[in-house]
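The structure appears below as structure tokens.
Chain identifiers are assigned alphabetically (A, B, ...) following the order of the sequence lines, protein sequences preceding nucleic acid strands; residue numbering begins at 1 within each chain. Just so you know, these numbers use all the heavy atoms, side chains as well, and skip hydrogens, waters and symmetry mates.
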Amino acid sequence: MPELPEVETIARGLETRVAGDTVESVWIGSRPQPLKSPASAIAATLEGKRIARVHRAGKHIVFDLEAQPNQGGRLARRQPRPAASLPTAQWIVHLGMTGRMVVCEPAAEIAKHTHLIAKLASGRELRFIDPRMFGKLSVHSGGFDPGGVEPLEVSEERFVALFRGRKTPIKSALLNQKLLRGVGNIYADEALFRAGIRPRRRAAAITREQLRKLHRAVREVLREAIALGGSSISDYVDADGEEGFFQLQHRVYGREAEPCLVCGTAIRRVVLAGRSSHYCPKCQK
DNA sequence: ATACCGACCTGTCAGC
DNA sequence: TGCTGACAGGTCGGTA
């Protein structure tokens, strides 16, 4: 489901709502698919830890966890952080296609496909729900390295260098998380439209000037999407249960056979690397 | 290195 | 009403 703007929106919401809280206990369902780390390791890593910060890396939600200097969540939560660094860990959540993270009261009905519930010292619960189970949960004691570079931070030169000389279609390269992390099917299509490049163009065949344009287009489309809370296609909601609004700004994604907003030509849909790809045959070369 | 395909899962919707 | 197939924001591993 979620690409960079949706994950960013969710991570910000979680940062606001659960940072500073402490995980008291963890329940994990019996479906092993979403677990990249053993359930016992996830529970042991989370329990008793303070959530210092929630942020995003590519399409991953990263919870920075801190060991508590003393027992008991509620009291410890108010303690100032000691200067000496305590052992830290990270809880990594990848939402896959249909994953959701919600913060709710314990009395709230447990949704179907709930795979993890973390009880917090504040009395609320943090729940991971994922019908298709393409999501992944893992814990790391060292640093977590998602690979690739952040599209919103990468310099123009670095961006151009990522794609120059590659024989793969530019869209496949945009979706490759080892190069650029966070761009998915919607934003790849939207960025390519704005840059005037067809999805199947070989990266190596794109001029430096066009790659610069693509760099700007990727950043622009991601920023605009974050500002609107992401794209809600069928079931995406943020940590507060709110839908995003960027789907109303899509210029090609999901608009097969509809007129191009620039030239009126019918938007085309082709399958590339197993994914639907949308483009305007006139505006994109 | 690259590219295509199926696999992993469940849910929804269109068409018959 | 119900069946079937296509499709869905993502990634991985196998095979040419």
For [X], which residues count as a salt bridge (Lys or Arg N to Asp or Glu O under 4.0 Å) partner, sequence neighbours excluded?
{"X": "A/E156", "result": "A/R212"}
{"X": "A/E8", "result": "A/R12, A/R56"}
{"X": "A/K213", "result": "none"}
{"X": "A/E109", "result": "none"}

(Q) Is the ring pair A/F128/A/H115 parallel, tilted or perpendicular, if the boundaries are 30 and 60 degrees? (A) tilted

Q.
If you define the side chain from C-beta out and look only at heavy atoms, does anything of A/R100 sit under 4.5 Å from A/L95?
A.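 Result no, sub-4.5 Å side-chain heavy-atom pair not found.
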
Would [X] and [Y] pass as an ion pair if we require N to O under 4.0 Å?
{"X": "A/D189", "Y": "A/R251", "value": "no"}
{"X": "A/K59", "Y": "A/E3", "value": "no"}
{"X": "A/E24", "Y": "A/K119", "value": "no"}

Using the [atom1] atom as the point on both nucleotides, what is the distance between [M] and [N], in whole Å?
{"N": "C/dG5", "M": "B/dG6", "atom1": "P", "answer": "15 Å"}
{"N": "B/dC9", "M": "C/dC3", "atom1": "P", "answer": "24 Å"}
{"N": "C/dT1", "M": "B/dT10", "atom1": "P", "answer": "25 Å"}

Q. Quick one: stems for DNA chain B, with Watson-Crick or G-U pairs under 3.5 Å, at least three in a row?
A. B:2-8 with C:10-16, B:10-16 with C:2-8

Q.
With rounding to the nearest 0.5 angstrom, report the CD to CZ distance, A/E157 to A/R208.
A. 8.5 Å

**Q.** nucleotides 11-16 of chain C: protein proximity per nucleotide (B base, S sugar-phosphate only, - neither; heavy atom, under 4.0 Å)
**A.** B-----

Q | Annotated protein contacts, base or backbone, on nucleotides 7-13 of chain B with a non-hydrogen cut-off under 4.0 Å, one of B, S, - each | A | -BBBS--

Q. How far apart are the C-alpha atoms of A/Y279 and A/L192, what are their side-chain angles, what is the distance that settles it, and do they pass the side-chain contact (heavy atoms from CB on, under 4.5 Å) test?
A. CA-CA 8 Å; A/Y279 68 96; A/L192 286 168; over 6 Å; no

Q) Can you list, by residue number, the residues of residues 188-205 of chain A that have a non-hydrogen atom closer than 4.0 angstrom to DNA chain B? A) A/R202

Q. Which residues within residues 216-225 of chain A lie with some heavy atom under 4.0 Å of an atom in DNA chain B?
A. none

Q: Scan for salt bridge (charged side-chain N to carboxylate O under 4.0 Å, His left out) pairs involving residues 273-285 of chain A, sequence neighbours excluded, and state none if there are none.
A: none

**Q.** Residue pairs fulfilling salt bridge (charged side-chain N to carboxylate O under 4.0 Å, His left out) with at least one residue in residues 256-266 of chain A, sequence neighbours excluded
**A.**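 Checked against salt bridge (charged side-chain N to carboxylate O under 4.0 Å, His left out) - neighbours excluded - the pairs reaching residues 256-266 of chain A are A/R255-A/E258.
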
Show the atom names and distances, to 0.1 Å, of all donor-acceptor pairs under 3.5 Å that link a side chain in residues 28-45 of chain A to residues at least two apart or in another chain.
residue, atom, partner, partner atom, Å
A/S37, OG, A/V139, N, 3.0
A/T45, OG1, A/A41, O, 2.7

Q: Name the nucleic acid region contacted by A/F246, choosing base, sugar-phosphate or nothing; use a 4.0 angstrom heavy-atom cut-off, strictly under.
A: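 It contacts nothing in the nucleic acid.
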
